[in-house]
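Some notes on the structure that comes next.
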There are 4 protein chains.
Amino acid sequence: MYDLLKEKVLNANLDLPLNNLVKLTWGNVSQVDRALNVFAIKPSGVPYEKLKKEDIVVCDLEGNIVEGNLNPSSDMKTHAYLYRNTEVGAVCHTHSTWATAYAQSGNDVEVYGTTHADSFYGSIPCARYLTAEEVEDDYELNTGKVIVETIKSKSIDYLSMPGILLHGHAPFTWGKDAKEAVTNSLILEEVCKMNILTKIIKTNPEKLPEHISEKHYQRKHGKNAYYGQNKKGEI
Amino acid sequence: MYDLLKEKVLNANLDLPLNNLVKLTWGNVSQVDRALNVFAIKPSGVPYEKLKKEDIVVCDLEGNIVEGNLNPSSDMKTHAYLYRNTEVGAVCHTHSTWATAYAQSGNDVEVYGTTHADSFYGSIPCARYLTAEEVEDDYELNTGKVIVETIKSKSIDYLSMPGILLHGHAPFTWGKDAKEAVTNSLILEEVCKMNILTKIIKTNPEKLPEHISEKHYQRKHGKNAYYGQNKKGEI
Amino acid sequence: MYDLLKEKVLNANLDLPLNNLVKLTWGNVSQVDRALNVFAIKPSGVPYEKLKKEDIVVCDLEGNIVEGNLNPSSDMKTHAYLYRNTEVGAVCHTHSTWATAYAQSGNDVEVYGTTHADSFYGSIPCARYLTAEEVEDDYELNTGKVIVETIKSKSIDYLSMPGILLHGHAPFTWGKDAKEAVTNSLILEEVCKMNILTKIIKTNPEKLPEHISEKHYQRKHGKNAYYGQNKKGEI
Amino acid sequence: MYDLLKEKVLNANLDLPLNNLVKLTWGNVSQVDRALNVFAIKPSGVPYEKLKKEDIVVCDLEGNIVEGNLNPSSDMKTHAYLYRNTEVGAVCHTHSTWATAYAQSGNDVEVYGTTHADSFYGSIPCARYLTAEEVEDDYELNTGKVIVETIKSKSIDYLSMPGILLHGHAPFTWGKDAKEAVTNSLILEEVCKMNILTKIIKTNPEKLPEHISEKHYQRKHGKNAYYGQNKKGEI
């Protein structure tokens, strides 16, 4: 029943080490099935090279295990909260090096170039630290809440801003499916790398003029998008 | 009829990921045939690992498709403009990491060493942002215009300055053929990396004395060049 | 008799180049057998690609060779001192690039993010230079003493702080076995890389609030740890 | 007659791309035979992947070609000058990224850690720019003269200081044979990388106390060296 979903989630998780987005077991990808009201997610602490389809855990949107013999990722409740409160189709969390360094700085990722503007519409926010109460109460659930709170406070939508940093933690990205969520992690990692290198040349680089960032985002994702082979939003 | 041209363009595009100059589909190479008045270019958004010779698009110098079933690169008009207005034989555009970071700073790439001087004659210019009007009017065409305007304003010739940065965007390079254009992208990437690393040691490094940069460029590309096996300009 | 111990030590040493933690012969791993009162260690100066199980040297805790035809690592006395004076099960020493750069700065590795907090409980100390007398007297033995002195002066325990930097030298890490000691070297290298990159964005990044670092360490290593598949302390 | 010498030089040149010390054709290694008064060197501009033993050029110490159909490296006269005026057995020149960045800064490579002290005895000098006259007169010969002048002015010997940077150019290293010269390039590259990364943490890192650098150099290369398997000076 969940076979295809689990296979997609398996493959997306295997793409993390292939794309140098993780060390050890530092990342997890999930994808939701809105019809069945479940999502499939990586089990906790299992090395990618040993991961098999039957290890993938299926949960309902409240976070109850529906199928699977292993514990789901310790970040499972964050994924579940995002599925309950947003329209995203998949979630990816990694500790990829350059994006995590950015998250450690607490800075938003400002738009310095078209590589960023092609895929993320505006500054990528860095969400605040969780409070002691939020950590004590339910850390992973409240991580989801802080992500949603941050995105809402900026009136941005999830499709055009497919990721976020958490201060002192690392990035979360999302997309219509697990493959796209991983691609967005890869893009975020590269954009953070470019920005950090830019700052070696110029501490405060100029932000890309809005008419250019608008153009780049729209030529790829707008209603008259003309990038790619007529598949809107292709990356 | 365009078979050999398409094969060269295919191979040059495949060299981009092999040389770590691109992520995803972030780069495109074209080559012109001056006798036939056409150029061949990568199709838009097609992953390199799926790219086949029959996917390569052939356009005339006005940018009309002459052969091919796919959309050409969204940057096609920039390539076409360069073929109409310069003598270059091939054009390569990437978002290679270090050169793109440099482009994001808006700085010219000054000559700090002989690695630069061996292949680029003088500072590599960073062209200005396009204006809102230029973006609205015809973004990719005007990108070509700004490149040509920048090179002309500095009275430098295309053969000795085989590349440029666009502020907030990324590099374009060129050469006598597609292979050489890609090699110039690789050199530009490495020179930008060396310069950024130099700036960690010294914020404002000394420029290489002109008698040394002149010597290095001429021993490789001058009329009495003696680098390589008697093939002038070999890299 | 020492066959299994030597095999584990061989494999852990071979993991060093596989994980990009060493160049040339710049690293060594050992593991102790507390029942037999011996430890097995890499021989000095032997390239990893030529290393065989029979090359691994077995020493007693005073540093006398018990089995083996080759000289043990020149750092052997440091390992022996650590086995005599702490409860660690294995020791790993490398000159991994980013951690060694950190050691050259003389700074402690402060906690800027959860990647650090997941595995190292608090700032990772950078031990002082050895004095001229300590170097002259018995350099490698006194290196062990300075490590122990530093850890003791901070009242931290070896299990929750599985590594240290030596000012002007490089990292040492430890663990319950050789595999874990190498994993801790890999984590330390990545944490140092993230911190250095963070400092490009912000010279003095904020330290991670203690309630978050506490949470992250405890969810992986505390008595109610819930990371992984019910194996406490799994990384 | 020169067969073994050419094979050693071939293999050492092939080690350059294997160790990520070169892009394109940016490096050359030679080795001298003091009995025969000749040295073998890479031909100019030949890609490493096409290099064969019969391409290696043999020259006498005045720089005249003794055997070989190709032009020797354009840096041949620098190598020849070093063989005539020093006791080195082999010379390696690359544009390896981090060492070249250091050379572009014009700074000496100061001793910040034992990785440096293990192999280079003291600060690695950065030689001055050549004057216009020196460039015009005989660039490659005078490059050799400036190297020798710099080493002499510091009263250091070639065995304990197996390399140098040239301001605005790149590193030269040497050793008893071609293999060792390449190893010294690899060490220099890594030391420069570590130092640059250290400077991100601390602009002016403390120099390693002399009693520690002395100890490290001597335990590897001194008359009572005890690193390795009783082969003095093994790296």
Side-chain angles (χ1 to χ4, degrees), chain B residues 18-21 98 109-119 179-180 182-221 224-235, chain D residues 22-26 43-47 55 57 69-77 94-110 126 128-136 138-140 142-143 165-170 192-193 195-201 203-204:
Chain B
L18 280 181
N19 287 293
N20 285 318
L21 294 169
W98 297 77
V109 184
E110 291 179 346
V111 188
Y112 298 144
T114 62
T115 314
H116 180 140
D118 278 338
S119 301
K179 186 179 163 65
E180 190 180 284
V182 171
T183 298
N184 287 330
S185 282
L186 187 160
I187 297 170
L188 178 53
E189 175 70 359
E190 187 68 5
V191 166
C192 289
K193 181 169 184 181
M194 286 173 176
N195 279 20
I196 290 174
L197 298 177
T198 304
K199 283 168 181 288
I200 295 174
I201 311 174
K202 223 176 218 174
T203 311
N204 287 303
E206 233 174 294
K207 285 188 217 175
L208 191 67
E210 211 152 300
H211 62 269
I212 299 181
S213 51
E214 185 72 24
K215 172 68 180 180
H216 267 265
Y217 190 78
Q218 299 302 345
R219 80 172 186 170
K220 263 200 159 166
H221 303 280
N224 298 314
Y226 54 92
Y227 183 93
Q229 302 302 326
N230 301 321
K231 291 174 288 180
K232 205 171 73 172
E234 183 199 9
I235 288 156
Chain D
V22 292
K23 304 269 179 194
L24 301 168
T25 60
W26 298 351
S44 183
V46 176
D55 299 332
V57 184
N69 301 310
L70 297 173
N71 298 336
S73 163
S74 57
D75 299 307
M76 183 269 286
K77 286 186 182 177
T94 77
H95 286 216
S96 69
T97 313
W98 297 77
T100 302
Y102 231 100
Q104 292 191 161
S105 79
N107 283 14
D108 292 352
V109 184
E110 291 179 346
C126 184
R128 65 170 175 81
Y129 292 132
L130 271 69
T131 65
E133 293 67 36
E134 288 168 333
V135 169
E136 170 120 5
D138 194 332
Y139 177 57
E140 291 82 6
N142 287 322
T143 296
L165 302 178
L166 301 187
H167 193 180
H169 192 159
C192 288
K193 182 170 184 180
N195 280 20
I196 290 174
L197 298 177
T198 304
K199 283 169 180 286
I200 295 175
I201 311 174
T203 311
N204 286 305

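Throughout, protein chains are lettered first and strands after them, A, B, ... in sequence-line order, and every chain is numbered starting at 1.
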With a 4.5 Å limit on heavy-atom distance, are the side chains of [X] and [Y] in contact?
X	Y	result
D:H167	B:E206	yes
D:Y102	B:I201	yes
D:H95	B:M194	yes
D:T25	B:Y227	yes

More than 12 foreign heavy atoms under 6.0 Å from [atom1] of [X]: is that the case here?
X	atom1	result
B:K215	NZ	yes
D:K77	NZ	no
B:K179	NZ	no

What part of B:N19 is in contact with chain D, defined as an atom under 4.5 angstrom from a non-hydrogen atom: side chain, backbone, both or neither?
neither

Contacting moiety of B:K207, where chain D heavy atoms sit under 4.5 Å:
backbone

For [X] and [Y], work out which heavy atoms get closest and say how close.
X	Y	value
B:T114	D:H169	OG1-CD2, 3.1 Å
B:G228	D:S44	N-OG, 2.6 Å
B:H211	D:L130	NE2-O, 2.8 Å
B:L197	D:I196	O-CG2, 4.2 Å
B:T198	D:A101	OG1-O, 3.2 Å

Rounded to the nearest 0.5 Å, how far does CD1 of D:I200 lie from CD1 of B:I200?
4.0 Å

What about the rings of D:Y139 and B:H216, do their centers lie closer together than 6.0 Å?
yes

With a 4.5 angstrom heavy-atom cut-off, could you sort out which part of [X] is near chain B: side chain, backbone, both or neither?
X	result
D:P43	both
D:A132	both
D:T203	neither

Step by step, would you call B:T115 with D:W26 a side-chain contact (heavy atoms from CB on, under 4.5 Å)?
CA-CA 9 Å; B:T115 314; D:W26 298 351; 3.6 Å; yes

Considering only heavy atoms and a distance below 4.5 Å, find which of B:E214, B:K202, B:E190 pairs most often with chain D.
B:E190

Does the distance from a Lys or Arg side-chain N to an Asp or Glu carboxylate O, for B:R219 and D:E140, drop under 4.0 Å?
yes

